[in-house]
Amino acid sequence: QVQLVESGGGLVQAGDSLRLSCAASGGTFSRYAMGWFRRAPGKERESVASISRAGSNILYADSAKGRFTISRDNAKNTVYLQMNSLKPEDTAVYYCAAGLYRSVTLNQREYEFWGRGTQVTVSS
């Protein structure tokens, strides 16, 4: 069973950038498709991006296209989310998740393991 710990969140201004990291332990990282999700205040959790086990396939939600980049380093057991041109509507708790032997997918139900999240706040 893999454990996930997110980091890198914080308070930034609109237009700034942040890079989130998610460190995995307790499992063979390369066996897991990885995803980033977020929950804004008063809203349901939504998908942000997903990356396949080898990193060769990537999907983005419409809200992330052109501004966010997901990547992974299987040697470091870490997945990243580079967020550029941040907007106030990006304010949310960001979670990473792992799906064992899953294909790349934005479907939250495909992910069995979740981190506790990291807060991102974007001020206007």
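For the numbers below, each heavy atom of this structure counts, side chains included, while hydrogens, waters and symmetry mates do not.
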### Query
Relative to each other, are the rings of Y32 and F113 parallel, tilted or perpendicular (30° and 60° limits)?
perpendicular
### Task
Give the minimum heavy-atom separation between Y111 and G35, together with the two atoms involved.
CE2-N, 3.6 Å
#### Entry: Residues V122, Q13; criterion side chain to side chain contact (heavy atoms under 4.5 Å, CB included); working and verdict
CA-CA 5 Å; V122 185; Q13 294 186 332; over 6 Å; no
### Query
What's the shortest heavy-atom distance between T78 and A23, and which atoms?
OG1-CA, 4.2 Å
### Message
Same cluster or not: V5 versus W114, using hydrophobic residues (I, L, V, M, F, W, Y) connected whenever any side-chain heavy atoms lie under 4.5 Å apart?
### Response
no
### Query
In terms of hydrophobic clustering (I, L, V, M, F, W, Y; side-chain heavy atoms under 4.5 Å; direct or indirect links), are L81 and F37 co-clustered?
no
### Message
Check for me, please, whether L18 and M34 land in the same ILVMFWY cluster - side-chain distances under 4.5 Å, paths through other members count.
### Response
yes
#### Entry: Any side-chain donor near an acceptor of the partner, T121 and Q119, under 3.5 Å
yes
### Task
Verify side chain to side chain contact (heavy atoms under 4.5 Å, CB included) between R116 and V93, making sure each step is shown before the conclusion.
CA-CA 9 Å; R116 294 188 174 185; V93 178; over 6 Å; no
### Query
Do F68 and W36 make the cut of ring centroids closer than 6.0 angstrom?
no
### Task
Look at D62 together with K65 and state whether they make a salt bridge at an N to O cut-off of under 4.0 Å.
yes
### Query
Quick one: are L100 and E112 in side-chain contact, heavy atoms under 4.5 Å?
yes
### Message
Quick one, N107 and R102 - any side-chain contact, counting heavy atoms below 4.5 Å?
### Response
no
### Any side-chain heavy-atom pair of E6 and C96 under 4.5 Å
yes
### Query
Could E46 and R38 be called an ion pair, given the rule that one side-chain N must be under 4.0 Å from one carboxylate O?
yes
### Query
Is it the case that one hydrophobic cluster holds both Y101 and I58, taking links as side-chain heavy atoms less than 4.5 Å apart, direct or via other members?
yes
### Task
Can you measure from CZ (R45) to OH (Y95) and round to the nearest 0.5 angstrom?
7.0 Å
### Task
Determine the minimum heavy-atom distance between S50 and V104, stating which atoms define it.
OG-CG2, 3.1 Å
### Query
What are the two closest non-hydrogen atoms of T91 and A40, and how far apart are they?
O-CB, 3.6 Å
### Query
Does the pair V79 and L4 meet the rule for a side chain to side chain contact (heavy atoms under 4.5 Å, CB included), with working shown?
CA-CA 10 Å; V79 62; L4 305 171; over 6 Å; no
#### Entry: Single-linkage hydrophobic cluster Y94~L11, side-chain heavy atoms < 4.5 angstrom
no
### Task
List the atom of S17, the atom of S85, and the distance in Å for their closest heavy-atom pair.
OG-N, 4.2 Å
#### Entry: Candidate list L106, T69, V48, I51, test side chain to side chain contact (heavy atoms under 4.5 Å, CB included), partner Y60, passing option
T69
